Amino acid sequence: MSQIDLEPVKGTRDFYPEDMRFRSWLFGHMRAVARSMGYEEYDACVLEHADLYIRKAGDEITRQLYDFKDKGDRHLSLRPELTPSLARMVMAKGSALALPVRWFAIPQCFRYEETQRGRKREHFQWNMDAVGIASVAAEAELMSAQAELCRRVGLKLEKGAEPEVIWRVSNRQVLGHFLAGMGIEGDQFAQVCVCIDKRGKITDAELTIELGKVGVDAERAARILALLDVRGLDQLATAVPADNPGLAALRELMELAASFGIDHLIRIDLSVIRGLSYYTGTVWEVFAQAGTFRRAIAGGGRYDRLCEQLGGAAVPMVGFGFGDIPIAEVLAELGRLPQLPRGLDDVVFPMGPKAFPYANRIAAHLRAQGRSVAVDYSQRRFKHVVQRAEDDGAQRLFILGGDEIAKGVCKVRTLGGGERQESEVPLAGLGA
RNA sequence: GACCUCGUAGCUCAGUUGGUUAGAGCGCAAGAUUGUGGCUCUUGAGGCCGCGGGUUCGACCCCCGUCGAGGUCCCCA
């Protein structure tokens, strides 16, 4: 090997300190929002048994597993999402886990797919999940958390103006009950959902033929497709019977959303399906209205039977995922990326090796006061050291040359201002 | 999985129908200023022209492949 490849693995990112500042800032807001709502942080390993993700419904996510065999011939996968791990952890605790619990995490997730704008092979995804809450109050709470995060990073969601982010919300029970009324249930319902998911990539005429193959005649197919075009509660109320549980759930959700002050951000939209087969109730996707990024920046849903599908008892669960890449794309396009300082407070500059011990003692003295202090051992030209300290955002430069030490002082220079400000401070007062 | 565009210095990019030694700005380094930044000037370092084949007397340039980055579909954590 002559030279290693300096590029990170395809679709993955390096985080240099300047990149890490943004990431830490974003994650900090995510943690703050989650904790403010009583959610506790947890995590699992990035490696999981691939079986955890392989579902017979043929989810897209299963085909994009970043999987491999380990040396023990285990079929493992880098996690594509955290939800199955959460279900596994909840099941493992069993009845020892006093429900409800509210948990959050910021896991790094992987998928093996072609890269595009806002879509790499690796990303971090803020997850918040409520376990053991059957009421759609949990959904409203989670959406309000997403809204709060959007607000904190600088997106405008005020009432009265056109919001920069909206929530497109549906409920799978609407379609489920509707189909049950036609005698379509169980496996056939799943097959119909798979067909419906193709909507947009094939014509409605072709889709009608596909539906015919799974036993849905043209007349019923037309009614199904019409249902997907429904927008808003009023229109939905005329499209389905009053006893449709999905309709009732969406009505209740809107009422609760109002109490969180986010009802003006929600658009009832029956075309929202979501690609994960385990969703059973509310499903939603979050879209930026401002800018040109048209991909969902976050999504969520209720999955009350995932634990059951994994072989345990059913537990009502609902949660969302919120990726770090789309939100960064949106903020960048809108010019809202924050200017984040490096966070260095002081630089101590010993001009020669004899001054190093003095510099170290002064640095320790300042650090004990809670300041971030770097000692510049470079012995480079003075102008270079000053410029570097300034570029690093330091507020003060502590200068220690032979003259200062002979006098028992340290020159303290204030950086950043227009005028030069310098004073001499006795070494004894600086712990040196 | 389909189609399209682009890979030249650390960064942003020039580079003539294929022709000698591949350039600029910014940045970096040294000096002017033997210990005081931001301005200015001088000088310097830094390149397998993404990688591998091919065509040609000769390839940064043309052809094929490959890797990577973007874009439009498709889809989606």
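It should be emphasised that the depicted structure is a prediction, and the values quoted were computed from it without experimental measurement. In what follows, chains carry the letters A, B, and so on, assigned in the order in which the sequence lines appear, proteins first and then strands, with residues in each chain numbered from 1.
- Rounded to whole Å, atom C1' of B:A77 lies 15 Å from atom CD of A:Glu48.
- As judged by a 4.0 angstrom heavy-atom cut-off over every strand, A:Lys10 is placed among residues touching the sugar-phosphate backbone only.
- Nucleic acid contact for A:Asp391: none, since no nucleic acid atom lies under 4.0 Å from a heavy atom of the residue.
- Note on A:Glu139 versus A:Arg302: salt bridge recorded, some NZ/NE/NH1/NH2 to OD/OE distance being below 4.0 Å.
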### Summary
For RNA chain B, the expected dot-bracket line (Watson-Crick or G-U under 3.5 Å, [ ] crossing, | inter-strand) is (((((((..((((.....[...)))).(((((.......))))).....(((((..]....))))))))))))....
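- Figure legend: A:Arg121 and A:Tyr112 shown as a cation-pi pair, the cationic atom lying under 6.0 angstrom from the six-membered ring centre and within 45 degrees of its axis.
- For A:Lys383, the side-chain atoms get nearest to B:A32 when compared with the rest of B:A69, B:A32, B:U36.
- For B:G70, the OP1/OP2 oxygens have a side-chain nitrogen or oxygen of A:Lys120 closer than 4.0 Å.
- The OG atom of A:Ser372 lies 4.5 Å from the CG atom of A:Leu344; values are rounded to the nearest 0.5 Å.
- For A:Arg381 and B:G35, the CZ to P distance is 11 Å, given to the nearest whole Å.
- Atom CZ in A:Arg13 sits about 12 Å away from atom P in B:A69, given to the nearest Å.
- Between the side chain of A:Thr12 and the backbone N or O of A:Val9, at least one donor-acceptor pair lies under 3.5 Å.
- Residue contacts for A:Gly300: at a heavy-atom cut-off of 4.0 Å it reaches no nucleic acid atom on any strand shown.
- Contact detail for A:Ala145 and A:Phe320: the closest heavy-atom pair is CB-CE2, 4.4 Å.
- Across all strands shown, A:Gly401 has heavy atoms under 4.0 Å from base atoms, whether or not it also approaches the sugar-phosphate.
- Comparing B:U72 with B:C49, their C1' atoms are spaced 29 Å from each other, to the whole Å.
- Across the C1' atoms, B:G27 and B:C74 are found 42 Å apart, a figure rounded to whole Å.
- Residue-to-nucleotide contacts include a donor-acceptor pair under 3.5 Å from the side chain of A:Lys411 to the base of B:U36.
- On a pure distance criterion of 3.5 Å, no polar donor-acceptor pair joins the side chain of A:Gln387 and the base of B:G38.
- The separation of B:C28 from B:G35, taken at their C1' atoms, amounts to 23 Å, rounded to a whole angstrom.
- Residue contacts for A:Arg121: at a heavy-atom cut-off of 4.0 Å it reaches no nucleic acid atom on any strand shown.
- Both A:Asp403 and A:Thr115 sit near RNA chain B, but only A:Asp403 has its closest nucleotide nearer the 5' end.
- In this structure, of B:G37, B:G70, B:A77, it is B:G37 that holds the atom nearest to the side chain of A:Val386.
- To the nearest 0.5 Å, the span separating CG on A:Leu65 from CD1 on A:Ile54 amounts to 6.0 Å.
- Across all strands shown, A:Gln108 has no heavy atoms under 4.0 Å from either base or sugar-phosphate atoms.
- Distances from the side chain of A:Arg119 to the nucleotides B:A32, B:A77, B:A29 place B:A77 closest.
- Nucleotides B:C11 and B:G44, compared at atom P, are 23 Å apart to the nearest Å.
- A:Arg295 comes within contact range of at least one nucleobase, with a heavy-atom separation under 4.0 Å.
- B:G65 and B:A22 have their P atoms separated by 30 Å, given to the nearest Å.
- Rounded to a whole angstrom, the distance from the P atom of B:C62 to that of B:U5 is 12 Å.
- Nucleotides B:G19 and B:G25 are separated by 28 Å at their C1' atoms, to the nearest Å.
- In this entry the distance linking CD of A:Glu113 with P of B:G68 reads 14 Å, nearest Å.
- Rounded to whole angstrom, the span from the CD atom of A:Glu333 across to the C1' atom of B:G70 amounts to 15 Å.
- Taking the six-membered ring for Trp, A:Tyr278 and A:Tyr303 have ring centres closer than 6.0 Å.
- Stacking of A:Arg111 on the aromatic ring of A:Tyr66 is not recorded, the 6.0 Å distance cut-off and the 45° axial limit not both being met.
- Judged by distance alone with a 3.5 Å cut-off, a donor-acceptor contact links the side chain of A:Glu404 to the base of B:G35.
- Positionally, the nearest nucleotide of RNA chain B for A:Gly402 lies more toward the 5' end than for the other of A:Gly402 and A:Ala296.
- Nearest nucleotide to the A:His384 side chain, out of B:G35, B:A29, B:G70: B:A29.
- Side chain A:Glu114 to base B:G1: no donor-acceptor pair is found below 3.5 Å.
- Salt bridge absent: A:Glu162 and A:Lys156 never bring a charged side-chain N and a carboxylate O closer than 4.0 Å.
- In this structure, A:Gly299 reaches neither bases nor backbone, as no heavy-atom distance under 4.0 Å exists between it and the strands shown.
- Rounded to whole angstrom, the span from the CD atom of A:Glu18 across to the P atom of B:G27 amounts to 17 Å.
- One can place CD of A:Glu285 at 12 Å from C1' of B:A77, the figure rounded to the nearest angstrom.
- On the P atoms, B:U66 is 26 Å away from B:G58, given to the nearest whole Å.
- Per the geometry, CD belonging to A:Glu390 stands 7 Å off C1' belonging to B:G37, to the nearest Å.
- Using a 4.0 Å heavy-atom distance criterion, A:Leu82 is classed as making no nucleic acid contact.
- Counting only N and O atoms by type, the side chains of A:Glu122 and A:Gln108 include a donor and acceptor under 3.5 Å apart.
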